[in-house]
There are 2 protein chains.
Amino acid sequence: MPIHGVYDNALTPQVHEYGMSDTISTIRDDFIALMGQMVEAHGMSPISGRMLGLLIFDGEARSFSDLATELGVSRGSISANARVLVARGSIMKENRPGDRQDYFRISDQSFEIILQTLTQRMLDISSRVHELSERIPSGDADGAGARRRLDGLSNFYQAIALGVRQAQNHLNQDQ
Amino acid sequence: MPIHGVYDNALTPQVHEYGMSDTISTIRDDFIALMGQMVEAHGMSPISGRMLGLLIFDGEARSFSDLATELGVSRGSISANARVLVARGSIMKENRPGDRQDYFRISDQSFEIILQTLTQRMLDISSRVHELSERIPSGDADGAGARRRLDGLSNFYQAIALGVRQAQNHLNQDQ
DNA sequence: ATGAATGTTCAGTTCGAATTGAACGCAGAT
DNA sequence: ATCTGCGTTCAATTCGAACTGAACATTCAT
């Protein structure tokens, strides 16, 4: 059961405006819409973000159909997006005896995984750039500057990876 | 003048394969192609990334026409992408007396700016989520869990911002 | 058996961002 | 005056990702 029983579709992102009634379902809708936008920066689809938003807000597990209904999207979309979110480890699929529906809940390592993935990608880029740098023949005088700049870029990404890792530690620290 | 005078177009991303001649122009092409792919994760267009790649590799300023020719893209694309890169502060436009061409070079604060922008975006998201959390009526028992989870997300983004800022310091440290 | 509910698949559609290319304005050169 | 080279603009095009919706297989209920 969702927190307040009935929710409107969360299709329109909204800023807090004058006269808007601040019901919890309005806030929920705003949050879901916000998450839909945020994740695009991480290369995910809007629906994935809205699903995450809904599941984070509600906390508990929600059914496949509920997701389709409350987000106002096709079952096909839920199916496809749930598959990648489960694969990523962001959400978990639950099945209950005597109930054929699939249920999904936000994974408790959801954030952890995001940071882990991010760190990995940064390190990956760093090493790929470094490999290119090493392929520059060391005898080549013209290439010295290029190698220096490529190494700088490689260090750049490595530094980000370290920073993210520290964020990870920081978060684990206070649970 | 570019480092080795003449370069092929860098249209096809390449891995280091058997039998590939490791000339500096091949490495350059690979790097440009790699940058074209990398920046898409940051929401920039491929051509922007390739321009950055070319300018980072060469180090010196390159002309508007050179960019169009060497990347094999239309002048319209160079114009549009250069505009946003300059606006972002990633590259700098130079003009030389007695030469009507525009020249571009990689900005020395190029990396700095990326991190600054990233930090800003993380903090922005963090505060937007926190605002939503605060709008949840404190009397609402059902909302307590939601508020806790939203605050967790807000902290998450704040931690990333801190991590990135530390990366920034780390990089400034050794120039 | 028939029907209803559930999740998956896939062909089709939509939609927007990226890119092109032609037209344009401008500035020097001939 | 004309021409050429330069960068900008904008309408048209391309291209791919996201989403839909119908068809399908499966399972359970009647």
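Lettering follows sequence order; numbering is per chain, from 1.
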ask   = Quick one: what's the B/S/- string for nucleotides 10-30 of chain C, heavy-atom cutoff under 4.0 Å, read 5' to 3'?
value = --------SSB------BS--

Which donor-acceptor pairs under 3.5 Å do the side chains of residues 77-85 of chain B make with protein atoms, sequence neighbours left out?
| from | atom 1 | to | atom 2 | distance (Å) |
| --- | --- | --- | --- | --- |
| B:Ser77 | OG | B:Ser74 | OG | 3.2 |
| B:Asn81 | OD1 | B:Ser45 | OG | 2.7 |
| B:Asn81 | OD1 | B:Ser48 | OG | 2.8 |
| B:Asn81 | ND2 | B:Ser77 | O | 2.8 |

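Partners of A:Arg105 by salt bridge (charged side-chain N to carboxylate O under 4.0 Å, His left out), not counting sequence neighbours, listed by chain and number: A:Glu94. Applying the ring-ring contact (aromatic ring centres under 6.0 Å, His included) criterion to B:Phe156, with sequence neighbours excluded, gives A:Phe111. Taking the salt bridge (charged side-chain N to carboxylate O under 4.0 Å, His left out) definition, one finds that B:Glu134 meets it with nothing, sequence neighbours left out. Residues forming a side chain to side chain donor-acceptor pair (under 3.5 Å) with A:Asp99 (at least two apart in sequence, or on another chain): A:Tyr103. Under the rule for a ring-ring contact (aromatic ring centres under 6.0 Å, His included), B:Phe64 has no partner lying at least two apart in sequence or in another chain. In terms of the ring-ring contact (aromatic ring centres under 6.0 Å, His included) criterion, A:Tyr157 has no residue partners (sequence neighbours excluded).
On the nucleic acid side, DNA chain D has its first and last nucleotide under 4.0 Å of a heavy atom of chain B at D:dG5 to D:dT9, going 5' to 3'.
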